[in-house]
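Chain naming here is simple, since letters A, B, ... match the order of the sequence lines and numbering starts at 1 in each.
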Protein chains: 2
Amino acid sequence: MYEPNTLLDKATELFWQKGYQATSMRDIQQALDLRPGSLYSRFQGKSELFEKVIVHYAEQILARLEQTAQSEDGFEATGDMFRQELIKPAELRYQRQCLLLNALAQSSKLEDRAAQALEHAMAKMLQGFIGLAAALQEKSLISGEVAPAQVGQWLQIQFVGLRNAAYFANDDEQVMYFIDKLIIDLQSEWPAS
Amino acid sequence: MYEPNTLLDKATELFWQKGYQATSMRDIQQALDLRPGSLYSRFQGKSELFEKVIVHYAEQILARLEQTAQSEDGFEATGDMFRQELIKPAELRYQRQCLLLNALAQSSKLEDRAAQALEHAMAKMLQGFIGLAAALQEKSLISGEVAPAQVGQWLQIQFVGLRNAAYFANDDEQVMYFIDKLIIDLQSEWPAS
DNA sequence: CCCTTACTTGAACATTTGTTCAAATAGTTT
DNA sequence: AAACTATTTGAACAAATGTTCAAGTAAGGG
C-alpha cells in the first residue's frame, strides 16, 4: 500500500505530462503497479483523483507566490520565482507548462466537480499574484496608483505567456531575457484605468 | 454534398470549442448531418482532418499578422489586432482561446502527422509576430537595437498570456487595459541580450 | 433506357476507457 | 490459532470512439 502522497505525486506527474484525457486510469495503475480496485478504494474515480491533483498542485504554486511576496528584495525574488518555475532541464520539460492551463484546454470533458476545482484553483492562483503585486507596492517598488488587482493579473498574463515560450525555448538565456524585460516593465508606465 | 470549406469551417469550430480529443468524429458527422463514410471519403481520418483544420487556422492568423505589419499606423494597428482577436461576444467565447495552444495541451495524443502540422503552424505564427516586430522597427517606432526575433517572440508571449486573461475576463475594458500596457511596454526599455 | 462512375448509407468491428465486484489474500485482534 | 476486518486481485462489463465496408442510391454519358 502506497503512501497517499506517493500516489498523488505520481498521478500529478502523469496528468502534467499527458493531460487529463490522455492519462488513463490504467496508466496510473501501471505506473504504480496497482490493480483497479486498489485505486478505486482510495478515490471515487478519475474525476475525484484529478480534483485532488489540482488542489495539490495549486497549493504548491500558491505557496511559492506567498513566499515570494514575503521576501525582502522584491524584484530579485520575483525574477527568481519566474526563473525557478520556467527553467527546467529537458527531462522535466513538461513542468514548464502549467497543469491548470492544460486542464483548462480540455475542460469540456471534465466533470462538474473537477471543473469547479479547476476554476477555484485558477482564482486562487490569481489571488497569489495579486498578493505579490500588493507586496511590491508595499515596498514602494512599483507605482501605488494602479490597483494591485491590475498588476497581479498582469503578472499572471506574463506567467502564462512565458510558460508557453519556455516550453519551446531552446536555451535558458532566451527565457531569462524575457524575465528581465518583465521586471523592467513592472516599473514602466501603467495606463490610467 | 457539402462544400469543402463549409465542412472545414464547421470542423474548425468544433475542434476550437471542445479540443481535439473531446471532439469525436460522430460530433462532426452530427453537426453536418453526414454519415461516417461520407466523411472518410474526403479525409483519411481524424488526424488528417485535424491537420487540415490547423493549417486553415494558422493561415488566417498569419494573414492578420501580415496585414497588421503592412499597416500605416503601427501601434494603432497592433492594438487593433489584439483587440479584434481577444474581444469577442460571449457566444464566441471559445475564440478567445487559441486553437493551436489548446491542441498543444493534448499533443501527446496527436498522431505524428498532426503533431508535425501543429509544430509547423506554431513556427509560422512566431514568424508572423517577428515580421510585425520588424515592421515596427522599420518605422522607427521601437528601438532598433533589439533583434526583431526578440521583439516578435515577446509579442507572442503577450498574445498567449492575454488570450488566457481574455477567456476569463468579465468585461472588455479589463482586456483593453492590458493591451494599452502592452503598447507602452513595446516602447519601454529592452534589456541587453 | 442502360451502364458506369461516384457518392452515400447504416450497420458493424476492434480497441480503449472508466468502473464494478465476488473471491482471495493480508493484517489485526482476541 | 481462530475470527474478523481491510485491502488487493483479476476478470469482466458497458459505453464511447475511430474506422471499415458491402449494399444502396444518385448522376451523367452513350
Starting at CD of B:Gln106 and ending at C1' of D:dT17, how long is that distance when rounded to a whole Å? 15 Å

Qualifying residues under side chain to side chain contact (heavy atoms under 4.5 Å, CB included), relative to A:Asp112, sequence neighbours excluded: none

Got a sec, which hydrophobics cluster with A:Val55, joining ILVMFWY side chains under 4.5 Å apart, including via others? none

Round to the nearest Å and state the distance from B:Gln44 atom CD to D:dC21 atom P. 14 Å

Under 4.5 Å between side-chain heavy atoms, chaining through other members, with only Ile, Leu, Val, Met, Phe, Trp and Tyr counted: pull out the rest of the cluster around A:Leu126, sorted by chain and number. A:Ile130

Among residues at least two apart in sequence or on other chains, which ones pass ring pair (Phe, Tyr, Trp, His ring centres under 6.0 Å) with B:Phe159? B:Phe82, B:Phe129

Among the nucleotides C:dT8, D:dT19, D:dT9, whichever has the atom closest to the side chain of A:Arg35 is D:dT9

Give me, pair by pair, the N or O atoms of the protein and of nucleotides 12-18 of chain C that are less than 3.5 Å apart, along with how far apart they are.
{"residue": "C:dT17", "atom": "OP1", "partner": "B:Lys109", "partner atom": "NZ", "Å": "3.3"}
{"residue": "C:dG18", "atom": "OP1", "partner": "A:Lys46", "partner atom": "NZ", "Å": "2.6"}
{"residue": "C:dG18", "atom": "OP2", "partner": "A:Met25", "partner atom": "N", "Å": "2.8"}
{"residue": "C:dG18", "atom": "N7", "partner": "A:Arg26", "partner atom": "NH1", "Å": "2.9"}
{"residue": "C:dG18", "atom": "O6", "partner": "A:Arg26", "partner atom": "NH2", "Å": "3.0"}

I need the full list of ring-ring contact (aromatic ring centres under 6.0 Å, His included) pairs touching residues 169-193 of chain A, with sequence neighbours left out, sorted by first then second residue. A:Trp154-A:Trp190

Taken in chain and number order and not counting sequence neighbours, the residues that satisfy salt bridge (Lys or Arg N to Asp or Glu O under 4.0 Å) with B:Arg35 are B:Asp33

Specify the separation, in whole Å, of atom CD of A:Gln29 and atom P of D:dA12. 17 Å

Who pairs with A:Tyr57 by ring pair (Phe, Tyr, Trp, His ring centres under 6.0 Å), at least two apart in sequence or on another chain? A:Trp16

Please tabulate the protein-to-nucleotide N/O contacts below 3.5 Å involving nucleotides 22-29 of chain C, giving atom names and distances.
none

Distance check needed: D:dT17 P versus B:Glu111 CD, whole Å only. 16 Å

note: A:Gln30, atom CD; D:dT9, atom P; distance rounded to Å ~ 14 Å

Atom-pair distance (CG on A:Leu34; P on D:dT9), nearest Å: 7 Å

Looking at A:Ser38, does any N or O in its side chain come under 4.0 Å of the phosphate oxygens OP1/OP2 on D:dT9? yes

Ignoring hydrogens and angles, state whether a donor on the side chain of A:Gln158 or B:Gln158 is under 3.5 Å from an acceptor on the partner side chain. yes

Under a plain distance cut-off of 3.5 Å, with no hydrogens placed, do A:Lys46 and A:Thr23 share a side-chain donor-acceptor pair? no

Using whole Å, what does the distance between atom P of nucleotide D:dT9 and atom CG of A:Leu39 come to? 12 Å

